[in-house]
Every structure is written in C-alpha cells, then in structure tokens.
Amino acid sequence: MGRLAGKVAVVFGGARGIGLATVREFVAEGATVFASDIREPESPVEGAQYSLADATDEEQVATFVAGALAAAGRIDVLVNNVGIHLAKPLAETTLAEFDNIFALNVRAAFLGTRAVLPHMIEQRAGSIVTTSSNGGMMGRPADPVYNATKHALVGLTKSIAVAHAHQGIRANTVNPGAIDTDMLRSTLASPDDFEARQHQLVASTPAARVGEAWEVAKAIVFLASDESRFISGAVLPVDGAKAAGAMPSNRYSLDFDLGVR
Ligand SMILES: NC(=O)c1ccc[n+]([C@@H]2O[C@H](COP(=O)([O-])OP(=O)(O)OC[C@H]3O[C@@H](n4cnc5c(N)ncnc54)[C@H](O)[C@@H]3O)[C@@H](O)[C@H]2O)c1
C-alpha cells in the first residue's frame with residue numbers, strides 16, 4: 001500500500017519542476033491529487049487532475065480548492081510550491097520587483113493555506129508542506145529579496161504549526177538547495193560568466209552536485225504522510241548539506257578540483 005493511500009492532496013505550482021515531481025510521487029504513493037498552476041503541465045501525470053489557476057488570485061484559489069473538495073470530499077495534504085526567483089542586489093531592486101515577488105511567493109502560500117485550513121480544522125487533521133529554500137535558512141548575497149520571501153514562508157509555517165497543532169494539523173517546510181529545474185536554469189541562462197556561476201553553484205554544495213526535483217518530492221511525501229505525524233514546524237533542508245555550514249575557502253576558487261564522488 002502506498003504511503004499516501006487514501007489521502008487527498010492539493011498541490012499549487014504542480015506543472016513543472018519540484019511541483020510536477022511531487023504530483024508524480026504523490027500519485028505513485030496512492031494519493032488522489034488535484035494540481036494547479038498558471039501553465040499546463042509539462043508532462044501530465046496520469047491519474048492527477050489539473051486545473052489552471054493563478055495562485056495569487058483569491059477567487060481562482062478558492063474555486064480550485066472548492067472543486068477539489070466537491071470532487072473528493074476532503075483535503076488531507078496541501079503543498080504550497082509556487083515560487084519565482086529574483087537574483088538582484090538590494091540596491092538594484094525596484095519597488096515593483098519587491099512587491100511582485102512578495103505578492104507571489106508569500107501571497108500564494110497565504111491564500112492557499114487560508115483556503116484549505118478551515119477544512120483541515122473541521123476534519124481535525126491535515127498536513128501542510130511549503131517549499132521554502134536554503135535561502136529561507138541563511139543570508140545570501142545574490143538574492144536578498146527572494147531570500148526574505150523564503151524566510152517569510154518559514155515564519156508563516158512555524159506560526160501555523162504552533163496555532164493548529166492541537167487540531168491535528170501539521171505545517172512544515174522543505175528547503176531545497178540548488179535543484180535542476182527551469183527556475184535554476186533560467187538563473188544560469190543569461191550571465192556571461194556561465195561556467196563560473198555553474199562551478200560556484202556546485203562548489204558551494206558540499207555534495208558537489210545540484211539536486212533533482214524528485215529528491216525534493218520524496219521529502220515532501222514524507223512530510224505529507226503519517227510517517228511524520230509528530231513532526232510540525234520543521235524546516236527540512238534538501239540540499240546536499242549546503243545549509244549545514246561553510247566549507248574551506250579554497251573550495252570556492254575556480255580551480256578547485258571537485259573530484260568524482
Ligand atoms: N530549483 C531550485 O534550485 C530551488 C531552490 C530552492 C527553492 N526552490 C523553490 O521551489 C519551488 C519550485 O521551484 P522550481 O525550481 O520547481 O521552479 P519552476 O519555475 O520550475 O516551478 C514553479 C512553478 O510555479 C508555477 N507558478 C509560478 N507563478 C504561479 C502563479 N502565479 N500561480 C500558479 N502557479 C505559478 C510555475 O508555472 C511553475 O510550474 C519554488 O517555490 C522555488 O522558490 C527552488
């Protein structure tokens with residue numbers, strides 16, 4: 001029997017990358033899955049039900065959640081995975097960019113959680129998993145405002161965990177390091193110093209590689225499942241030890257030999 005057998009899950013941002021991998025793992029583990037996104041799925045997962053919905057739009061979120069409830073009668077798992085990146089120093093970030101990334105990364109998790117929470121309270125059960133980031137656990141020079149949104153998600157999650165634990169509701173974050181998705185590729189696509197950036201990314205990960213979307217999805221399955229039933233308010237890095245500490249400085253030099261592992 002699958003680890004999510006009998007569970008109903010809604011996944012926001014399920015069309016590609018980590019969200020798509022999560023939909024795939026959830027279905028494989030026996031969950032009934034309702035996924036939404038602003039784009040059609042890259043490769044639809046058989047058995048999952050997809051809707052187009054903008055996760056920042058209150059009405060569209062409510063309609064999507066109501067549809068899942070009407071079809072399945074309950075929601076056991078919520079995954080807030082929608083996110084965009086912004087790699088800009090603070091001094092160069094415009095107010096519009098600041099507002100835009102908060103209105104997406106934080107607002108989407110707020111709206112998704114607010115839509116689902118009353119039903120979980122009524123059921124007296126539920127697991128909420130939100131995709132934060134390594135950037136939600138430590139400062140980073142290259143993407144301070146993105147970082148701030150990912151810290152906000154940790155704060156939101158811990159507060160939900162504390163407020164609703166007595167009602168059987170759990171809330172946790174997964175905090176990926178560099179994961180090979182379209183988001184990561186788009187941050188590497190434009191710079192002139194592509195090779196240096198790529199090397200830096202791998203070198204700053206103790207495991208000396210980027211991760212795969214399914215490796216994050218496996219962690220989300222664990223947090224969604226009853227295997228983690230006493231875990232709430234947790235911040236779970238899935239990052240090849242990147243957030244565990246700094247490495248010797250020579251590791252970051254461009255001629256450092258990463259070796260074969
Ligand atoms: N890839 C990484 O290295 C990495 C690292 C840390 C954290 N993350 C986080 O993981 C999550 C998933 O990222 P990914 O790498 O799979 O990126 P991705 O861009 O491949 O996937 C993000 C998904 O969110 C959807 N989306 C964007 N705006 C939306 C909106 N308004 N409404 C509904 N859906 C919307 C996109 O269409 C896409 O399917 C994000 O929250 C991201 O911040 C990614």
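Both backbone and side-chain heavy atoms feed into the values below; hydrogens, waters and symmetry mates do not. For ligands, and for the atoms within them, numbers begin at 1 and follow the listed sequence.
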Is the shortest heavy-atom distance from the side chain of [X] to the side chain of [Y] under 4.5 Å?
| X | Y | value |
| --- | --- | --- |
| Val221 | Glu227 | no |
| Gln123 | Arg74 | yes |
| Val210 | Ile179 | no |
| Leu184 | Leu201 | yes |
| Trp214 | Thr22 | no |
| Thr181 | Ile18 | yes |

Would you kindly specify which portion of Ala178 sits under 4.0 Å from ligand 1, judged on non-hydrogen atoms: side chain, backbone, both or neither? backbone

So for Asn81 against ligand 1, with non-hydrogen atoms under 4.0 Å, the contacting part is both

Nearest neighbour in protein (non-hydrogen) for [atom]:
| atom | result |
| --- | --- |
| atom 3 (O) of ligand 1 | Ile179 N, 2.8 Å |
| atom 22 (C) of ligand 1 | Gly83 O, 4.0 Å |
| atom 6 (C) of ligand 1 | Pro176 O, 3.3 Å |
| atom 18 (P) of ligand 1 | Arg16 NE, 3.4 Å |
| atom 35 (C) of ligand 1 | Ile38 CG1, 3.5 Å |
| atom 36 (C) of ligand 1 | Arg39 NH1, 3.2 Å |
| atom 32 (N) of ligand 1 | Ala55 N, 2.9 Å |
| atom 14 (P) of ligand 1 | Thr181 OG1, 3.6 Å |

Under 4.0 Å from any heavy atom of [X], which atoms of ligand 1 are there?
| X | result |
| --- | --- |
| Asp54 | 30 (C), 31 (N), 32 (N) |
| Tyr146 | 6 (C), 7 (C), 8 (N), 9 (C), 42 (C), 43 (O) |
| Ile18 | 10 (O), 16 (O), 44 (C) |
| Gly17 | 16 (O), 20 (O) |
| Thr131 | 9 (C), 10 (O), 11 (C), 41 (O) |
| Ala53 | 32 (N), 33 (C) |

Between the side chains of Thr157 and Asn172, does any donor sit under 3.5 Å from an acceptor? no

Examine distances only and state if a side-chain atom of [X] and a backbone atom of [Y] form a donor-acceptor pair shorter than 3.5 Å.
| X | Y | answer |
| --- | --- | --- |
| Asn175 | Val235 | no |
| Asp143 | Asn147 | no |
| Ser132 | Lys150 | yes |
| Glu92 | Pro89 | no |

Aromatic ring proximity, centroids under 6.0 angstrom, Phe64 and Phe12: yes

Would you check whether [X] reaches within less than 4.0 Å of ligand 1, judged by its heavy atoms?
| X | result |
| --- | --- |
| Phe12 | no |
| Gly177 | yes |
| Ala213 | no |

Proximal candidate to atom 41 (O) of ligand 1 [heavy atom criterion; set Lys150, Met183, Arg185]: Lys150

Counting only heavy atoms from other residues, nucleotides and ligands, does the tally under 6.0 Å from CD of Glu122 exceed 12? no

Indicate yes or no: does an N/O atom of Leu104 lie under 3.5 Å from an N/O atom of ligand 1? no

Below 3.5 Å, N or O to N or O, backbone or side chain included: is there any such pair between Asp37 and ligand 1? yes

